[in-house]
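Input: a single structure, listed below in structure tokens.
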Amino acid sequence: MQIVMIGAGYVGLTTGTCLAEAGHNVSCYDIDRTRIARLARGEIPIYEPQLEASVRQGIGNGRLRFTNQLDDCVGEADAVFLAVGTPSRANGDIDLSQVNTAARQIATRLRSGAVVVVKSTVVVGTCRRVQEIIARQRQASDISVASNPEFLREGAAMHDCTNPDRIIVGADEPRADAILKKLFAPFTQQGVPLISTTTANAELIKYAANAFLALKVGFINEVADLCESAGGDVAIVAKGMGLDRRIGTSFLAPGPGYGGSCFPKDTRAFAATGRRLGASQRLIETLIERNEQRKTKLARRVIDEAGLVRGSTAAVLGLAFKADTDDVRESAALRIIDALQEAGITVRAHDPQAMKNARAVLSDVQFAESPYEAARGADAVVVLTEWDAYRTLNLGRLANAMRGATLFDYRNLFAPGDVARYGLRHVSLGRSAPAPSTSTAGAGAPTSSPWSRRVAANRPV
Ligand code: NAD
């Protein structure tokens with residue numbers, strides 16, 4: 001089938017590439033001409049594992065192409081996907097201007113009988129409104145608008161697109177439903193379940209799913225706080241809960257508060273929709289508030305527990321909102337860095353992939369080429385993203401680079417005993433910190449940095 005993807009960001013680019021891999025002919029269009037020019041050369045503007053090889057393969061076999069001309073592609077298409085941004089507005093609702101603009105741009109170019117598929121995450125009722133925009137522009141009702149929400153995770157986007165848990169098709173007309181079933185046949189033939197429903201249900205499914213996942217994250221963060229007060233260990237509690245199949249093990253790792261381009265925006269939109277329609281989503285309203293408070297609370301904890309004062313230096317390891325992505329949108333790191341800077345603390349930061357994006361939104365942060373360079377002379381180190389590169393840090397080298405003695409492990413990457421062996425105090429989430437050991441046994445253990453000396457050196461003066 002002939003497919004056009006409007007918007008070649010995380011979702012459009014990945015989905016377009018997957019659909020080309022599935023055997024369709026896909027044209028990706030974006031208003032960002034530089035992005036399209038780079039993509040046409042096989043250069044990927046985002047960090048996403050496996051994506052580059054698949055894009056190059058698609059370009060090579062002619063199934064995937066990139067264009068900045070709508071007239072080149074829309075008129076031939078059986079289905080035109082809208083995968084443009086839907087950012088938050090101040091009241092929590094989403095800004096649909098990119099969706100509406102894209103709909104107007106394609107309206108008169110579509111061939112009669114084509115289906116427009118809203119891939120962007122949109123509030124309930126949007127597909128119907130997009131259908132009205134297109135019908136008004138064309139002065140005809142020969143185009144169906146369907147919903148096909150996306151559930152991919154950044155960092156595993158290609159995997160998730162190729163092996164989705166389910167495909168949701170929201171269509172209010174049988175013709176659109178039939179086109180989408182044909183389009184997704186390469187997936188359903190492999191056993192992927194497809195739920196065919198109304199556009200309203202499809203739009204609601206996306207928000208309800210993300211709100212529920214965010215709730216799991218918020219819940220385990222609060223359980224982690226309780227474990228700290230009660231002398232428990234959140235890892236064991238989460239495992240004991242998660243092995244119950246009704247609960248499941250995923251999204252039960254404590255952290256510095258969820259971030260990213262989806263959970264914060266989608267929970268706000270879900271809550272705003274509830275308010276607008278008189279069906280208030282109190283659980284989600286509370287979750288949003290608690291998640292934001294968590295970021296500032298954990299920044300305060302760094303200051304208090306490491307004894308930081310105006311002029312101290314903190315090394316922040318991890319800027320991306322999670323591992324395996326360069327996306328820093330609403331990352332907990334941004335809020336925590338802000339709070340540290342407000343307290344007069346100098347921040348030196350490192351991330352394996354996200355420093356370019358972080359530079360665009362952070363000011364007065366020193367960016368380091370390695371985690372060890374970030375830690376040089378730092379009074380505290382704060383780990384905020386669960387990169388594998390940080391799990392395998394040489395803690396001896398890190399400890400020796402630091403001036404202070406506290407490692408804030410806000411992703412629970414390290415076993416408590418491992419950190420203490422290097423003379424560092426380990427502050428992790430949801431477990432009681434063990435007393436630091438004075439033993440220096442083990443390869444790479446420090447020979448001259450006992451905890452007490454570091455703490456003394458780090459005291460506010
Ligand atoms: P993005 O910002 O990475 O990409 C959006 C792209 O759309 C940009 O490249 C932009 O230039 C382009 N664009 C904007 N207006 C356009 C127009 N009129 N014509 C052509 N291109 C246009 O955003 P994203 O992360 O890919 O998200 C897109 C949508 O998918 C959002 O609604 C988001 O909530 C949803 N979503 C995102 C994810 C994710 O993990 N990123 C997952 C599921 C759903």
Side-chain angles (χ1 to χ4, degrees), residues 4-18 27-39 44-49 51 66-74 80-89 93-107 109 116-123 126-127 130 133-134 147-161 164-165 167-168 202-203 205-207 209-211 213-214 258-270 320-331 357 360-361:
V4 170
M5 194 62 62
I6 306 286
Y10 283 87
V11 167
L13 179 57
T14 315
T15 310
T17 306
C18 277
S27 299
C28 294
Y29 165 86
D30 200 291
I31 40 168
D32 183 340
R33 286 172 168 263
T34 316
R35 175 173 282 250
I36 288 296
R38 286 186 63 192
L39 283 166
I44 309 300
I46 54 175
Y47 174 75
E48 190 58 52
L51 184 57
F66 297 93
T67 177
N68 51 35
Q69 297 295 325
L70 285 173
D71 288 329
D72 267 6
C73 51
V74 173
V80 178
F81 283 74
L82 304 185
V84 296
T86 49
S88 270
R89 287 168 42 196
D93 223 327
I94 53 167
D95 174 356
L96 284 166
S97 58
Q98 291 181 35
V99 172
N100 295 341
T101 303
R104 278 188 219 100
Q105 284 168 339
I106 59 169
R109 294 177 160 99
V116 171
V117 189
V118 179
K119 188 69 156 160
S120 303
T121 302
V122 294
V123 290
T126 303
C127 286
V130 169
I133 290 175
I134 293 175
S147 165
N148 170 232
E150 182 52 58
F151 299 94
L152 64 79
R153 295 163 301 167
E154 287 180 18
M158 280 305 287
H159 170 272
D160 290 352
C161 241
D165 288 343
I167 294 168
I168 306 292
E203 291 163 334
I205 286 169
K206 171 65 191 176
Y207 279 109
N210 264 11
L213 291 173
Y258 61 75
S261 66
C262 291
F263 282 4
K265 169 170 84 73
D266 294 353
T267 46
R268 285 194 296 264
F270 192 63
F321 80 94
K322 64 174 191 170
D324 294 326
T325 180
D326 59 356
D327 199 341
V328 299
R329 291 178 279 184
E330 301 211 35
S331 166
N357 287 338
V361 290

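Every number for a ligand or one of its atoms is a count from 1 in the order of the listing.
Heavy-atom contacts of Ser261 reach the following atoms of ligand 1: 39 (C), 41 (N) (cutoff under 4.0 Å). Annotation for ligand 1: atoms under 4.0 Å from non-hydrogen atoms of Gly85 are 5 (C). Residue contact check: Tyr10 has heavy atoms under 4.0 Å from atoms 3 (O), 25 (O), 26 (O), 41 (N) of ligand 1. Atoms of ligand 1 lying under 4.0 Å from at least one heavy atom of Gln98, given by number and element, are 14 (C), 15 (N). Here is the list of ligand 1 atoms found below 4.0 Å of a heavy atom in Lys206: 43 (C). Below 4.0 Å from some heavy atom of Ile6 lie the following atoms of ligand 1, by number and element: 19 (N), 20 (C). Taking a cut-off of under 4.0 Å to the non-hydrogen atoms of Tyr29, the atoms of ligand 1 that pass are 19 (N), 20 (C). Each of the atoms 5 (C), 28 (C) of ligand 1 lies under 4.0 Å from some heavy atom of Ala83.
For atom 32 (O) of ligand 1, the closest non-hydrogen atom of the protein is Thr86 OG1, 2.5 Å. Summary of contacts: the protein heavy atom closest to atom 28 (C) of ligand 1 is Val84 O, 3.4 Å. From the protein, the heavy atom lying nearest to atom 33 (C) of ligand 1 is Lys265 NZ, 3.8 Å. The protein non-hydrogen atom at the shortest distance from atom 4 (O) of ligand 1 is Gly9 CA, 3.2 Å. When hydrogens are left out, the protein atom nearest atom 44 (C) of ligand 1 is Thr121 OG1, 3.4 Å; that is the closest non-hydrogen contact. The protein heavy-atom contact nearest to atom 21 (N) of ligand 1 is Ile31 N, 3.3 Å. Scanning all protein heavy atoms for the shortest distance to atom 18 (N) of ligand 1 gives Gln105 OE1, 3.1 Å. The nearest heavy-atom contact from the protein to atom 12 (C) of ligand 1 is Asp30 OD2, 3.3 Å.
Heavy atoms of Arg329 found under 4.0 angstrom from ligand 1 belong exclusively to the side chain. Within the 4.0 Å heavy-atom criterion, neither part of Leu13 lies near ligand 1.
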Derivation and outcome, side-chain hydrogen bond (donor to acceptor under 3.5 Å, both in side chains), residues Ser147 and Lys206: CA-CA 10 Å; Ser147 165; Lys206 171 65 191 176; over 6 Å; no
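The line from CZ of Phe263 to NZ of Lys322 is 8.0 Å long, rounded to the nearest 0.5 Å. To the nearest 0.5 angstrom, Arg38 atom CZ is 12.5 Å from Asp30 atom CG. With values rounded to the nearest 0.5 angstrom, Phe321 atom CZ is found 5.5 Å from Ser261 atom OG. Atoms CD1 and CG, from Ile205 and Asn210 in turn, are 12.5 Å apart once rounded to the nearest 0.5 Å.
Closest approach of Met5 and Ala83 over heavy atoms only: SD-CB, 4.1 Å.
An N or O contact shorter than 3.5 Å is missing between Asp32 and ligand 1 by distance. Distances between N or O atoms of Thr101 and those of ligand 1 include no value under 3.5 Å.
Remark: of the listed residues Asp95, Val99, Asp93, Val99 is the sole one forming a side-chain contact (heavy atoms from CB on, under 4.5 Å) with Thr86.
Distance alone, capped at 3.5 Å, is enough to place a donor-acceptor pair between the Glu48 side chain and the Ala157 backbone.
Within the 4.0 Å heavy-atom cutoff, Arg153 does not count among the residues contacting ligand 1.
Proximity of Lys119 to Thr15: side-chain heavy atoms (C-beta onward) are separated by under 4.5 Å at one or more points. Within the 4.5 Å cutoff, no side-chain heavy atoms of Thr67 are placed close to those of Cys28.
Between Arg268 and Glu330 there is a salt bridge, since at least one side-chain N of the basic residue sits less than 4.0 Å from a carboxylate O of the acidic one. Salt bridge present: Asp160 and Arg153 bring a charged side-chain N and a carboxylate O closer than 4.0 Å.
Between Tyr207 and Phe270, the ring-plane angle classifies as parallel under the 30° and 60° cut-offs.
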